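The chains referred to below are lettered A, B, ... by the order of the sequence lines, with proteins before strands, and numbering in each begins at 1. Because the structure is a prediction, the values reported are computed rather than measured.
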Protein chains: 4
Amino acid sequence: MIIVLRAGATDGDVRQIEESLKDRGLTAHISRGVERTIIGAIGDERKLDPEVFEGLPIVEKVLRILVPYKLVSREFRKEDTVITVKGSSVGGKRLALFAGPCSVEGQEMMNGIGGSVAACGATFLRGGAFKPRTSPYAFQGLGEEGLKILAEARERTGLPVATELMDPRDLELVARYADVIQIGARNMQNFRLLTEVGKLDKPVILKRGMSATIQELLMSAEYIASEGNQKIILCERGIRTYETATRNTFDVSAFPVLKSLSHLPVIADPSHAAGKAALVEPLAAAAIAAGADGLMIEVHQQPEKALSDGPQSLRPDAFEQLISRLRKVAEAVGRTL
Amino acid sequence: MIIVLRAGATDGDVRQIEESLKDRGLTAHISRGVERTIIGAIGDERKLDPEVFEGLPIVEKVLRILVPYKLVSREFRKEDTVITVKGSSVGGKRLALFAGPCSVEGQEMMNGIGGSVAACGATFLRGGAFKPRTSPYAFQGLGEEGLKILAEARERTGLPVATELMDPRDLELVARYADVIQIGARNMQNFRLLTEVGKLDKPVILKRGMSATIQELLMSAEYIASEGNQKIILCERGIRTYETATRNTFDVSAFPVLKSLSHLPVIADPSHAAGKAALVEPLAAAAIAAGADGLMIEVHQQPEKALSDGPQSLRPDAFEQLISRLRKVAEAVGRTL
Amino acid sequence: MIIVLRAGATDGDVRQIEESLKDRGLTAHISRGVERTIIGAIGDERKLDPEVFEGLPIVEKVLRILVPYKLVSREFRKEDTVITVKGSSVGGKRLALFAGPCSVEGQEMMNGIGGSVAACGATFLRGGAFKPRTSPYAFQGLGEEGLKILAEARERTGLPVATELMDPRDLELVARYADVIQIGARNMQNFRLLTEVGKLDKPVILKRGMSATIQELLMSAEYIASEGNQKIILCERGIRTYETATRNTFDVSAFPVLKSLSHLPVIADPSHAAGKAALVEPLAAAAIAAGADGLMIEVHQQPEKALSDGPQSLRPDAFEQLISRLRKVAEAVGRTL
Amino acid sequence: MIIVLRAGATDGDVRQIEESLKDRGLTAHISRGVERTIIGAIGDERKLDPEVFEGLPIVEKVLRILVPYKLVSREFRKEDTVITVKGSSVGGKRLALFAGPCSVEGQEMMNGIGGSVAACGATFLRGGAFKPRTSPYAFQGLGEEGLKILAEARERTGLPVATELMDPRDLELVARYADVIQIGARNMQNFRLLTEVGKLDKPVILKRGMSATIQELLMSAEYIASEGNQKIILCERGIRTYETATRNTFDVSAFPVLKSLSHLPVIADPSHAAGKAALVEPLAAAAIAAGADGLMIEVHQQPEKALSDGPQSLRPDAFEQLISRLRKVAEAVGRTL
């Protein structure tokens, strides 16, 4: 950590900070420049809260040298993490493919979509039983009934299932049915929920918050990892910007940046990023080309009748064509789909 | 709701949408323009999910006419809502003043700050027992012990206390001690938490999410109101933008905009918006001038030793001077402090 | 255009707007809903400034039905525009490849890079003679000398050259040497400059402004087209967001969105979007996968000695490898490079 | 400047950077930490382009210690700059008040508004003769005729006039008529235009760009100052964010932040920030409360007939009432209006 003092800092000011660092087990390295004195803190800066020094009137700014996360960093673990559940993997050469409806709406519907996407090469079945909706008057999901329907679809398709958890009180229930637990964008900094899924021995998809930085996403992953669960799948799903032509701005740079900073696998959710079915293909292709480890795509037999996210859902036949075209892009960058 | 069809829409397309509207109890009003046919849906558009139509290939766009919230809207209730707890009010001519430390750190500290801010005219005492922290390695609050300390400080100062709730599992515990429950920015769309506090008969401070629109803030308030609890205090605390000179960008327009759209009181949190003690005064003054109904300000005896948010906390003497200067601004706009 | 009146609008209010529309040659179509009266303006809404009605106290909001640009829209021209200069094309099946240094620094350097990129398949040579720099103390480009160097490199390589124009006073000078004129991101709304290049018979690369919406980019293109010059190449180069891990956020959705709204070709500038050489490849691959018509890439023999944009420049050998890998991605989506 | 090396940097790497610094007249100060080696550059870092080091593979990041501007910084000049033109000042205890129509539309109109605003205490008359408009089909201003009308209104009112310059080719013309030259938000980084007005001996209003950081605004001011013209008035007019409830987000923190970083006066343009007449008062009051040195407000006799910016223009009577209310806020913070 680098502590930059304001012009006019006295020897006494420097000594005070030096001692404050010593109290915390670090050594101060003083460097007097022409216009500023700067103090380098030698030792484990992760133990140090920059706020301690930012609060002092004589301090101009505090600069971090190291990233504030550890367990999920690439430095902590050089090799890519590969997560495998019931034969399906995320993080290897083969791209993971999570597909299914936004919401679980019924058994017949779920079996139908499940069969279709399994036939196209999906490796995980997705579907929401608990839905975070902006409006209290909108459909909120089928709850436990939805989980049972998902479990039944798993039996039929043989695909492991992924579903969202919104509330720590539902943890046991959701964990009973799901193979992979999803933490939605709005809960990326629901730290209590992160702590709870960190205690499970089950993969967690952690979606990037609507306006979360890449560093904040990794800090939230660190919350999960610090409780013992390292089976974390990061997910880029678009961020909020001033642009209104798309629902969110798909941050395609997040794939190479996350892969360089962390050993965790990173998947893409082009359906939510775009908010429009017509954009799913170009964004999915872009994600693969940029290094994503997998995709999460919403599929529905009748998008115009979907209880949620209809406009961005693909029909099974469109999904099939999509996958056959994406397969070529995957091969072009040395992956399979 | 206005449904704009793409160029080339046929009579059949129009009829299909007409019937879909009729099924939902609305009437279609067709208007054929030179370049586009547009369909107006006559009836209660709040029952209608725009996604139903956005998903149709023939639909170019869907425009809402009405706002999607009702109970919290100014149209629903013309007069300003005033919320009173143990003699302290929010929403009237006198500005509410929530003051106290970011985190409750101990009884002596809390009593000290409580006494100081009460003497300066604070009307509520604030302090966090459960703290949402970006890092899993940072101080997370004293939990129930912190709540007990708060309650004790309430006895001494006579001020009602406000504290944050992060987890529905803590609801009963927090409600036992707190007079006002705060929902933090990161939980503004934790819909399960909103639903739970909506069932209480206790005022709720709802902080605007880091990248929440004003409409989303009001939709979250609607979640609480729809469960029966209308004692909602909205709070602007800065939004995330590209600017890095301040921790957040304080959206001062939010005060007049929220006051025109909603009957709920709106307070300002300049401490979190700025992230720096030196900016608290200008932002607090700006908020009052723009129509805020109150302030929430962080005060600490020794900001450089605070366990959280030190850099933005004011010392008791600085707080006292701040209030005496803000009093003049309040009077200039016809309020008291 | 749809004009939504506030609750309580009288017949007189409606009549006033009706007449105001009639004065402008449009017809009013009145629709009285349960909660609001809305007025549809039938006729050419492009002639109509929404501000005329937004200013009236009885008007709640004004919604546009049509896009405000015409000549550059996909509706105006169904087929893709292909622009050809001295044998090099932008907009066809083969991707355009603009390559070269950020700034022209000298003849030897320019010839060297020119030869290297030509050998790798570049179709245009780029290089800046006038450089917009954030600091007045930074290198501002070689001016006319730089243009002469570029022209000499064109002779040697046979590649048409593209260079930036910053000032209408330099128009004649730059047009004398350049085959393609670039308007930089900071000048996207320098309307006088747009008007001037609109009078030329020379292709123009129009870079998206740092915080320009897709609609604003198209409106700036309309400025050029409305003066007669339809040879416009749009360029996505990253937008400004809250994320600091990359210099800009590369908006990969802009490719499919722009291709659907406009007939103009769209190229990608991954070098500026990323600000880091290591990110150029994944972003370039993503752009191609998402439908870009070409790339603009910065190449320098010694990036660490470049007078500008060193960190994002590729060495010639890295550029060669990049192109050979991108070629596979291009083929996967039915293009060549 | 602090140069942080990647883990694993060798002595040779360190020596290379040391020599590179020596070549530029700076001294290296090496500090070997537990996890990273960092190099402090001792000397004038303003001469140093961080890009030189960011380009090296062994460098992890480069952190600036000093701000990159000098002449406009508070460190360069401790006292507030006060700019006086024909008896009207900006930067002193009395707030400057620029008022007038968005566009000059005619002599009678200009005289009428001029008389009204002068009577209310305006200290400068504003009006645009050259208008930057998003659409090429919109009214672009009256040009020289508009300037003549402005000059005539100056004679009648005795108020100095401010008007916008968009093109360096109009510099002489505009300078002949205007007392204060305005550089619009879209031209904040039109560096050639900045350089030209830097050569004048006339005050310049520099509006903050739509997505400019505070540092970039100051760098643009430095462009003007570095040419010799230090009569610069900074202007906050709202920034672009994701929020759509207001046209721009008025960054009220910019006033205290700019006043602490620079000696230049800073005024507010609440009309453009809000885009709605009803928001002008709360934002103007907030600006004054936060420390603005003046206001720029759009006034029009018939806003619904204005050729531009009607929705945000105030009628003369509303302007009069506004000023009488703002006067109280100004007094509350020790200023006059």
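Counting only heavy atoms from C-beta outward, the side chains of C:Ile239 and A:Thr241 approach each other to under 4.5 Å.
Environment of CZ in A:Arg94: sparse, with no more than 12 heavy atoms of neighbouring residues, nucleotides or ligands closer than 6.0 Å. Annotation for A:Glu60: atom CD counts as buried by contact number, over 12 foreign heavy atoms lying within 6.0 Å. Within 6.0 Å of atom NZ in C:Lys70, 12 or fewer heavy atoms from other residues, nucleotides or ligands are found, so the atom counts as exposed in its surroundings. Atom CD of C:Gln215 has more than 12 neighbouring heavy atoms from other residues, nucleotides or ligands inside a 6.0 Å radius.
Using a 4.5 Å cut-off between heavy atoms, C:Ile214 touches chain A through backbone and side chain atoms alike. Only the side chain of C:Val333 comes within contact range of chain A, with heavy atoms under 4.5 Å apart. Within the 4.5 angstrom heavy-atom criterion, atoms from both the backbone and the side chain of C:Thr213 approach chain A. For a residue to count as touching a neighbouring chain, one of its non-hydrogen atoms must lie under 4.5 Å from one of that chain's; by this rule C:Arg240 touches chain A with the backbone only. Of the atoms belonging to C:Ser211, heavy atoms from both backbone and side chain fall under 4.5 Å from chain A.
Nearest approach of C:Arg208 to A:Tyr242, heavy atoms of both residues: NH2-OH, 3.9 Å.
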Side chain to side chain contact (heavy atoms under 4.5 Å, CB included) between A:Leu283 and C:Ser253: does it pass, once the steps are laid out?
-> CA-CA 7 Å; A:Leu283 298 194; C:Ser253 311; 3.5 Å; yes
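Interface check for chain A: of the options C:Ala287, C:Pro270, C:Ala289, C:Ala330, the most heavy-atom pairs under 4.5 Å are formed by C:Ala289. Ranked by heavy-atom pairs shorter than 4.5 Å toward chain C, the options A:Glu243, A:Lys328, A:Glu281 are led by A:Glu243. Of the listed residues (A:Thr244, A:Leu261, A:Thr249), the one with the most heavy-atom contacts under 4.5 Å to chain C is A:Thr249.
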